[in-house]
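In the text below, chain A, chain B and the rest are named by the order of the sequence lines, each starting its count at 1.
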Protein chains: 2
Amino acid sequence: MSLHVVLTVRKITGIVNGMQSATNEKALVHVVDDDASMCGALEGLFDSVGLQTKTYATAKDFLSASLSDRPGCIVLDVRLPDMNGLEFQTRLAQIGVGIPVVMMTGYGDIPMSVHAMKHGAVDFLPKPFRDQDMLDAVLAAIERDRQRRVVESDDSQLKERFETLSPREQEVMLLVTTGKMNKQVAGDLGISEITVKIHRGAAMHKMGARTYAELVRMADALKPNLRKLGR
Amino acid sequence: MSLHVVLTVRKITGIVNGMQSATNEKALVHVVDDDASMCGALEGLFDSVGLQTKTYATAKDFLSASLSDRPGCIVLDVRLPDMNGLEFQTRLAQIGVGIPVVMMTGYGDIPMSVHAMKHGAVDFLPKPFRDQDMLDAVLAAIERDRQRRVVESDDSQLKERFETLSPREQEVMLLVTTGKMNKQVAGDLGISEITVKIHRGAAMHKMGARTYAELVRMADALKPNLRKLGR
DNA sequence: CGCCGACCTATACATAGGTGTGATCCCGTG
DNA sequence: CACGGGATCACACCTATGTATAGGTCGGCG
């Protein structure tokens, strides 16, 4: 129990300092295309470089499937039976799925490709494409996903810790990390300085911050997430 | 003298906390196209919404011109007499010009547009385009430039201040902002704790940090810049 | 009801941070 | 050579922080 806490503390401090954990899980490529022969061809291509593939005939198939928690990317035909590829991209963003998308199309034009790229697509390949181009795109997308997953997991771990703080401890942490002195925080909250010290100490412990500087960095890393959820 | 210091201090702390200075300078659109009639048409279009325009017939013309220090963007034909628009984009990055680019073309294809977008273009418009689309792109590019300029000016101000610190003060600042205690820093540098306090205090003053938390944030904002120049 | 956890407060002591005064040493510049 | 700035250190003093001990209220839960 105590050991576990120490281990997680080490992990999170590494995170705050920007270390990358070696996430060497095998990647999974999601292919969404109603053309079965294309799905098969891509599966073969990806298999040849050791990438696992999962195919879906429609956008709905993909959206209703449960996503395994692995690094990966989505290879998407712009033209799907049930949905435009661009809409699909928007939907993914709405439901908070950040898996990078590689778009492909047989009939697209420039504005379509620009739109997709503006909305975060990793690449946009007109059909027919060269195998190598697709592979390059997919590998780049997977790399981007690995980065994203590291950042997201760091953020969520930080957020988890923060939520173990009592409301008062959270308030105190946010105020002291702005640089306010304990007595100023006490004034702001209408409580005594000694109480602030208690909450502050508790926050340090629960967050796993060994120094005040670490607490400041954690608070900074936390703030973007706090804005997303609520105020 | 003393007053000046106080003023700049206010400015930089605002910066660190993410305030945007109201950069309401008038924007300038650089149009690079060898087609004089296109240049004229664009100039008219931009003028109609109060944007100033400067035109260049070739990439070289632009690159040899002196850039005024104003927010703006570049509207660029992919096909230029002396250079490909994509190469031009690369050149801009190489020489450290971060002005956003809006690309336009009469003969482009999807891979070209994707390449441009991957390399940071704000938009890529096939000719003929609707005036409104061009205006939207240019206004978005200018807004992006304003943001970029705020960030860049903050960074450079921080860096300027940092360079007014003596070498020892810089070392001490970087060490204390990792969370090390004064005595630990003293041990690392082989000097006494009291000397560390002196340097630390000088660093706080010269950087304009009112609190230790601000100094930590400044150090964090500074580190990406320090890696660029040297180690 | 009794226990527990969150929250609040106080006293007291130890450690850390910040500043002023005064001083030494080295180095480069006028 | 004299001056000034950078770097170093010491003593003194005050403030801020961290923690332990001890005790209080309040609300929920078995």
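- Between A:M204 atom CE and D:dG18 atom P there is a gap of 6 Å when expressed in whole angstrom units.
- Residue B:K197 places none of its side-chain N or O atoms closer than 4.0 Å to OP1 or OP2 of C:dT19.
- For the pair A:L63/A:F88, a side-chain contact is recorded, criterion being any heavy-atom separation below 4.5 Å from C-beta on.
- OP1 or OP2 of C:dG17 sits under 4.0 Å from a side-chain N or O of B:N182.
- Between A:G201 and A:M181, the residue anchored nearer the 5' end of DNA chain D, judged by the nucleotide with its closest heavy atom, is A:M181.
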Take A:E163 and A:K159 through the test salt bridge (charged side-chain N to carboxylate O under 4.0 Å, His left out) and record every step on the way to the result. CA-CA 6 Å; A:E163 279 163 359; A:K159 193 161 144 291; 3.6 Å; yes

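- Atom pair A:L189:CG and C:dT9:P shows a separation of 10 Å (rounding to whole Å applied).
- The phosphate of C:dG18 (OP1 or OP2) has no side-chain N or O of B:H205 nearer than 4.0 angstrom.
- Atom pair B:I198:CD1 and D:dA10:C1' shows a separation of 10 Å (rounding to whole Å applied).
- As a whole-Å value, the separation of B:E171 CD from D:dG6 P is 15 Å.
- For the pair A:E193 CD and D:dG18 C1', the computed distance is 11 Å after rounding to whole Å.
- Residue A:S192 places none of its side-chain N or O atoms closer than 4.0 Å to OP1 or OP2 of C:dC8.
- The separation between B:K206 atom NZ and C:dG18 atom P is 17 Å, rounded to whole Å.
- Judged purely by distance below 3.5 Å, without hydrogens or angles, the side chains of B:S153 and B:S156 never pair a donor atom with an acceptor atom.
- Cation-pi check for A:R217 over A:Y212 is not met; the charged atom does not lie both under 6.0 angstrom from the ring centroid and within 45 degrees of its normal.
- Across the protein-nucleic acid pair, B:I194 atom CD1 and C:dA16 atom P stand 14 Å apart, rounded to whole Å.
- Closest to the B:T195 side chain, of the nucleotides D:dT8, C:dG18, C:dT9, is D:dT8.
- Rounding to whole angstrom units, NE2 of residue B:H199 and P of C:dG17 are separated by 16 Å.
- Summarising the geometry of A:T178 relative to A:L175, their closest heavy-atom pair is OG1-O, 2.6 Å, with the distance given to 0.1 Å.
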